[in-house]
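Working notes, beginning with the structure itself.
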Amino acid sequence: MAISKTADSNSESFLGKTIDLANTQIPEIPQGFTNIDIINGAVLTATAFKPGASVDASIAIDDVNATGLSNLGKVLLDADATIAATSTAKSTADATNVSASSAGLAIVDGNFGLNGAVEIGVKSDAGLNATASTTVNAAASTSKGDAVSLASIQESAGIANIMDLDVGGELSAIGKAVNTITASAETVVNAGTLNDSNINDFVWNGAQATAELFGTQQGFNAQSIDSSSNASIQGISSLTNSATASVTTGDLALAEGLAGKLIGANLDGIDVGGIANVTGQTTFGNTSKASNVEGDAKAISRLGSADGLISKTDVLAPDLDTTAAFEVSSDATIKGLTSVTAGATAETTKGDAVASSSATNINGADFKGTLDIGGIGSIAGASSFNLSASANSVTGDGPNTNHMGGAQAFAGEKLLSADASNVSATNINALSSFGLKGINGSVTSAVNDTGTFGIDIASDATLTGTAIGSLNADAASTADDATAKAGGFASLTGAIIGDLHVGGIAGLTGGAQLTSSSTAKNVGDNLNGGHDALAASGLNATVTGLSGLPDGTASALQSFIDVASDATVTAQAFGTLNAIASSTGGDATAKAGNSSSVVTGLASGLDLDVGGVGTVSALAQGSEKASATSVDGIADADAGMTLVGAKNLNFDSNSDGTLTGIAKLVATVDAANIGSADNDALANGAFSAIGFSGLLIGDLASINTAAGVSPSVTGHADVVGIGGISTIKGQAQIAGTLNAESVSGDAFAGVNDIASMITGMSNVILNGASDGTLLGTASGAFNTNAIATGRDASAFSSQVLKGIDQLDLQLGGNGGINAIVNDTNFVGAQSVSGNATAVASVNAIGLDGGDMHIAGNASIMSTVGVDSKSESHTIA
């Protein structure tokens, strides 16, 4: 047994330890284990040797723990005070070998600027500044054998575990954690073998590189902060991960970039006697790259949660002598910002490639307790992310291998069962992201605003929440399956507003945008049934601009918003879903959204009461493209989306009220089978768009009474919803193009049993004291074509359009009602040797249903224009 002396470490190197690295793979570490457990489990206790394996192993281990100020008791300072701490930690482990295995483990158990204080009391002004900076580098390389590297941080924070910070003057506090983790592993030829008689006995060998934040990284963490004067508080958390694994000939190249929990500012209770400026900011960047020449490659990027700012529950309010978890006597500017960029790339010449980039929670500002501001309030929460996954495989494993499925790429995708087994030992949860989130207090009505609001601002207020995300999955295989999935079950919300009270003018904005793209390409032949290409984007995804019901509770509950003066509410949601699949020898399936993929500007659960002029603008806008092309297989392209401008809103304003709800969609679906095999081309799409769905403005007992229904029976009272001029506009628009073309099989375009629904506004109740104008517009433009050379061609397109559906109206002045419907619908089917069937159906109504009472002059107009045409041609 030889002892390698090539290991190098910044601290202690465990030279001479005989370990079986050829039979040791660092697993996905379960939560609850420490880095010492990792060392013991993966290195020191690895004593079982595989027959024939080399024990001339090289191992380097570096373990670091660093803190600037630690475990302070009571620090009481009678004048001005400045407390500063900086902790810089660097851990490096580099193991190299020529003819045997190697392992490099660089581990930082903890790095803190300031960690722990029972009490910091300063009678005058105070400055608190603490930074933790960490660099972790682990590398392992060998010419013949297995290479394993682990670069890990257990915990890190600029400022953490401050039990009580009490300042008699002004406070300036900054906590910052800035860390970099890098792991690389490289082997030329590994020593692994495969038992061909039983693939379940297969043992992975090759190169594994893991860069991980094992636990939590925080910028600023404190339980109680009390400043008698102005306060400026910043928490910054930044992490950069990089994992690279490279194998020339080996079973597996595995690169993992993992992060548990990242928080910018994590604050339990705050009481500021003057002006407050509070910012929590988190950034995370990860790159995972695995490459293999003869063997499999797997690249994993996974994030647990990233939060810019978290404000905790009200449990500490009595200790601070406040009624809220976060209380500011004067003006306040509060921000929570989170940015995530993560990529995973897996490439192999001969083998399977799997790339996954996932995150569970990415949030801007999360107020878990109440917020009370005595002056002007400016609150902003923003989350942004870009997750990408790329997998490329040239030649598959062939028979008798632990087959992972050609090339598989997953970006922000919920994974279960078989898919998850190739990526993780457990399921991959759906991605969730919001910009700003509040809570519901104890109020039961926005009009009778007794009780506690989740956010209470005494003067003018500006609240903004944005969530913007990009997901991209790309899979390519020359001789095996290609699967690319992005955004399945993903949920994005700009602002989730609980109960809100504003004593002055209010501006409330919620915006969310999801761009999800997946591309799968397969070039292989059609032997043994061929190999398939599957691209799926945004299935069951939801994108919401502004929403109530912060806890997702029963729909009967409301989030009450009470504004004493004018209010402007803007809600915007954008969804772009693209799926492209192409296969030479197998089926090509592209799915861009479905009926459960929902884009909503203003969502359910808001009860808005405005003391002045009220303006609500809601927009839901979508774009979809599904394209499937196959030479010798089935080409199946599907798209679907539901868009709602505004849904289930209760609105009241003492002065004028203007409400606009818009839903727009552009969708393109293409399917083509261009080979000689007898396979079909299918292009399917069904869509829904509505401007306003469920709008309650006041109540209309008088109309019910006029219709012979007693208010005592209906339970309604005659309540004016808008005290001035009422302006309501609902608009819905869909443009859809569906094309299916097959050379030797059937061509089918459209859906023969489901109609696309387009409605300007639906279920609107308005009681206005003065003049009112209502406009409902529904428009559609559809082009559906099916072309077949050898067999049948069938094309179907059906729409139901309504400008205004169910309007109950009472106006004290003049009234103008205008319902407009426009639709063009072309359906074409053409076959050279088979049957051709083209069916077009349109049901269009301008104004459908409702009771009206207008005290002044009235104008009720409905305009419907439909241009529908179907053509079928059979040449044979």
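A quick note: this is a predicted structure, and the numbers were derived from the prediction, not measured.
Between Ile153 and Val136 there is a side-chain heavy-atom pair separated by less than 4.5 Å. Between Ile497 and Ser559 the shortest side-chain heavy-atom distance does not fall below 4.5 Å. A 4.5 Å side-chain heavy-atom check between Asp63 and Leu105 finds every atom pair outside the cut-off. Put simply, the side chain of Ile263 does not reach to within 4.5 Å of the side chain of Asn221, judged on heavy atoms. Ser305 has its side chain within reach of Asp307: a pair of non-hydrogen atoms, C-beta onward, lies under 4.5 Å apart. In this structure the side chain of Ile379 reaches within 4.5 angstrom of the side chain of Ile457, judged on heavy atoms. A 4.5 Å side-chain heavy-atom check between Val278 and Leu267 finds at least one atom pair inside the cut-off. Residues Val122 and Leu128 form no side-chain contact, since every pair of their non-hydrogen atoms from C-beta on lies 4.5 Å or further apart.
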Please lay out, stage by stage, how Ile439 and Leu371 fare under the test side chain to side chain contact (heavy atoms under 4.5 Å, CB included). CA-CA 9 Å; Ile439 67 166; Leu371 170 62; over 6 Å; no

Just do the side-chain hydrogen bond (donor to acceptor under 3.5 Å, both in side chains) check on Ser238 and Thr283 with the steps written out, would you? CA-CA 5 Å; Ser238 176; Thr283 57; 3.1 Å; yes

Trace of the side chain to side chain contact (heavy atoms under 4.5 Å, CB included) decision for Ser91 with Val108: CA-CA 7 Å; Ser91 176; Val108 173; 3.9 Å; yes

Would you check, one step at a time, whether the test side chain to side chain contact (heavy atoms under 4.5 Å, CB included) holds for Phe284 with Leu213? CA-CA 11 Å; Phe284 174 62; Leu213 169 65; over 6 Å; no

Report the C-alpha distance between Asn179 and Ser156 in whole Å, list the side-chain angles of each, state the deciding distance to 0.1 Å, and finish with yes or no for side-chain hydrogen bond (donor to acceptor under 3.5 Å, both in side chains). CA-CA 8 Å; Asn179 300 326; Ser156 180; 3.1 Å; yes

Between Leu171 and Ile233, is the side chain to side chain contact (heavy atoms under 4.5 Å, CB included) condition met? List the steps. CA-CA 8 Å; Leu171 169 65; Ile233 301 169; 4.3 Å; yes

Could you go through Asn115 and Ser70, starting from their C-alpha distance and side-chain angles, then the distance that decides it, and tell me whether this counts as side-chain hydrogen bond (donor to acceptor under 3.5 Å, both in side chains)? CA-CA 5 Å; Asn115 185 22; Ser70 179; 5.2 Å; no

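For the residue pair Glu212/Ser152, the side-chain donor-acceptor check at 3.5 Å is satisfied. Side-chain contact annotation: Asp80 with Ser124, donor-acceptor N/O pair under 3.5 Å present.
When every heavy atom of Ile373 is checked against every heavy atom of Ser330, the shortest pair comes out as CG2-O, 3.4 Å. Closest approach of Ala564 and Gly503 over heavy atoms only: CB-O, 3.3 Å. Heavy-atom minimum distance, Ser301 versus Asn286: OG-ND2, 2.9 Å. When all heavy atoms of Leu492 and Gln513 are compared, the closest pair comes out as CD2-O, 3.4 Å. Taking every heavy atom of both residues into account, Ala185 and Ala207 meet most closely at O-CB, 3.8 Å. Across all non-hydrogen atoms, the minimal contact from Ser288 to Ala299 is O-CB, 3.8 Å.
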Kindly list each side-chain donor-acceptor pair under 3.5 angstrom involving residues 380-388, sequence neighbours excluded, with atom names and distances?
| unit_1 | atom_1 | unit_2 | atom_2 | d |
| --- | --- | --- | --- | --- |
| Ser383 | OG | Ser433 | OG | 2.8 |
| Ser383 | OG | Phe434 | O | 3.3 |

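Distance alone, capped at 3.5 Å, places no donor-acceptor pair between the Asp109 side chain and the Gln154 backbone. Looking only at distances, a side-chain donor or acceptor of Ser227 sits under 3.5 Å from a matching main-chain atom of Ser229. For the pair Ser102 (side chain) and Ser141 (backbone), a donor-acceptor distance under 3.5 Å is present. In this structure, the side chain of Thr338 engages the main chain of Gly308 through a donor-acceptor pair within 3.5 Å. A donor-acceptor pair is defined here as one N or O able to donate and one able to accept, closer than 3.5 Å; no such pair exists between the side chain of Glu327 and the backbone of Asp271. Thr515 contributes no side-chain N or O that, together with a main-chain N or O of Ser470, makes up a donor-acceptor pair within less than 3.5 Å.
Here Phe326 contributes atom CZ and Asp372 contributes atom CG; the two are 11.0 Å apart, rounded to the nearest 0.5 Å. Thr360 contributes atom OG1, which lies 5.0 Å from atom CG of Asn429 (distance to the nearest 0.5 angstrom). Atom CG of Asn161 is separated from atom CD of Gln218 by 7.5 Å, given to the nearest 0.5 angstrom. Residue Thr544 holds its OG1 atom at 11.0 Å from CG of Leu514, rounded to the nearest 0.5 Å. In this structure, OG1 in Thr134 is found 12.5 Å from NZ in Lys90, a value given to the nearest 0.5 Å. Expressed to the nearest 0.5 Å, how far CG of Asn111 lies from OG1 of Thr88 amounts to 7.5 Å.
Here salt bridge (Lys or Arg N to Asp or Glu O under 4.0 Å) pairs that include residues 169-186, with residues two or more places apart or in two chains, number zero. Applying the salt bridge (Lys or Arg N to Asp or Glu O under 4.0 Å) rule to pairs touching residues 122-134 yields Asp78-Lys123, sequence neighbours excluded.
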